[in-house]
Amino acid sequence: MADAEIRLTVNGNAQALSVASSELLVEVLRDTLGLTGTHVGCDTAQCGACTVLMNGQAVKACNVLALQADGAQVRTIEGLKQGGVWHPMQTAFSRHHGLQCGYCTPGMVMRAVAMATEGVPAEPHAVREALEGNLCRCTGYEGIVAAICDGMACMRRQHSDEA
Ligand code: FES
Ligand code: FES
């Protein structure tokens with residue numbers, strides 16, 4: 001299929017890329033840009049392992065055409081750590097041991113970062129509901145939910161300290 005030129009910014013880096021019309025955003029991130037922290041679990045928009053932020057919103061990158069990302073700001077798990085310091089959500093996942101095999105973790109963390117800006121309350125029931133599109137086969141979710149509640153509270157404290 002015919003190639004098209006797209007421009008997007010990934011983790012703060014401007015990219016100009018030639019993509020096929022059928023190419024997925026997750027393929028561009030992993031195969032073209034080497035950002036393999038974004039995982040593929042199902043390829044059918046069900047598991048959430050491929051979740052990234054596009055213009056600040058959580059999207060499943062296996063369900064977005066690269067062409068649809070033209071002009072977008074994309075953030076992946078590799079872009080969360082700033083100046084050698086973990087993002088508060090990454091720290092919270094570590095503190096609460098919110099993972100076992102880690103396959104779902106990048107998608108969980110990116111979805112959780114988006115939750116904080118969506119105004120999801122930092123309490124377990126609301127987090128479980130907001131997490132319905134992200135599946136974990138290992139943990140039973142207890143540590144993940146605790147991490148997200150803690151991480152959102154930390155993000156909001158940090159934001160109010162900066163304001
Ligand atoms: S790989 Fe995208 S939702 Fe499963
Ligand atoms: S930690 Fe293994 S799938 Fe979630």
Side-chain angles (χ1 to χ4, degrees), residues 1 4 6 8-11 15 17 19-81 86-118 120 122-155:
M1 279 187 232
I6 63 166
L8 68 171
T9 303
V10 182
N11 299 333
Q15 305 283 353
L17 302 167
V19 299
S21 55
S22 59
E23 203 166 345
L24 300 171
L25 176 59
V26 73
E27 294 171 326
V28 168
L29 294 173
R30 288 179 54 87
D31 303 338
T32 307
L33 300 178
L35 296 169
T36 54
T38 300
H39 292 166
V40 177
C42 66
D43 223 358
T44 52
Q46 294 180 62
C47 75
C50 63
T51 303
V52 299
L53 302 185
M54 190 162 103
N55 298 327
Q57 299 206 316
V59 298
K60 293 176 176 177
C62 75
N63 200 36
V64 176
L65 289 170
L67 289 173
Q68 292 174 294
D70 190 19
Q73 297 276 341
V74 176
R75 201 167 179 201
T76 71
I77 191 74
E78 290 90 345
L80 281 192
K81 197 173 178 182
W86 294 111
H87 186 281
M89 194 59 74
Q90 293 174 303
T91 304
F93 267 72
S94 172
R95 185 183 304 128
H96 293 273
H97 204 67
L99 65 146
Q100 284 185 26
C101 80
Y103 201 84
C104 70
T105 310
M108 289 286 181
V109 171
M110 299 312 287
R111 178 69 192 104
V113 169
M115 276 185 215
T117 57
E118 287 166 13
V120 174
E123 57 89 15
H125 181 71
V127 166
R128 284 180 184 274
E129 279 201 346
L131 210 53
E132 51 102 18
N134 289 72
L135 305 180
C136 176
R137 293 181 303 177
C138 309
T139 64
Y141 296 91
E142 288 297 323
I144 292 173
V145 170
I148 294 175
C149 291
D150 186 12
M152 284 203 294
C154 290
M155 283 176 69

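Just so it is clear, the model here is predicted, and its values are computed rather than measured. Just follow the structure's listing: the first ligand is 1, and inside any ligand the first atom is 1. Below, each value reflects all heavy atoms present in this structure, side chains not excepted, and no hydrogens, waters or symmetry copies.
- Taking the side chain as every heavy atom from C-beta outward, Asn55 and Val74 never approach each other to under 4.5 Å.
- Formation of a donor-acceptor pair under 3.5 Å by the Glu129 side chain with backbone atoms of Ala126 is not found in this model.
- The closest side-chain heavy-atom distance from Thr51 to Val109 is not below 4.5 Å.
- Checked by atom type and distance alone, the side chain of Asp150 never pairs as donor or acceptor with a backbone atom of Ala92 at under 3.5 Å.
- Against a heavy-atom cut-off of under 4.0 Å, Arg137 is close to the following atoms of ligand 2: 3 (S).
- A donor-acceptor pair under 3.5 Å links the side-chain atoms of Tyr141 to the main chain of Cys136, judged by distance alone.
- The proximity of Thr139 to ligand 2, defined as any non-hydrogen pair under 4.0 Å, is limited to the side chain.
- At a heavy-atom cutoff of 4.0 Å, ligand 1 is surrounded by Val40, Gly41, Cys42, Asp43, Ala45, Gln46, Cys47, Gly48, Cys50, Lys60, Cys62.
- For a distance bound of 2.8 Å, the N, O or S atoms of Cys136 include one lying that close to atom 4 (Fe) of ligand 2.
- In this structure, Asn11 and Leu80 have side chains that are not in contact, with every pair of non-hydrogen atoms separated by 4.5 Å or more.
- Between Glu118 and Arg111, at least one side-chain nitrogen of the basic residue sits less than 4.0 Å from a carboxylate oxygen of the acidic one, meeting the salt-bridge criterion.
- Every residue two or more places apart in sequence or in another chain that forms a side chain to side chain contact (heavy atoms under 4.5 Å, CB included) with Val59 is listed here: Val52, Met54, Val64.
- Atom numbering of ligand 2 starts at 1 in the shown order; those under 4.0 Å from a heavy atom of Gly102 are 1 (S), 2 (Fe).
- For ligand 2, the atoms lying closer than 4.0 Å to a non-hydrogen atom of Cys138 are 1 (S), 2 (Fe), 3 (S).
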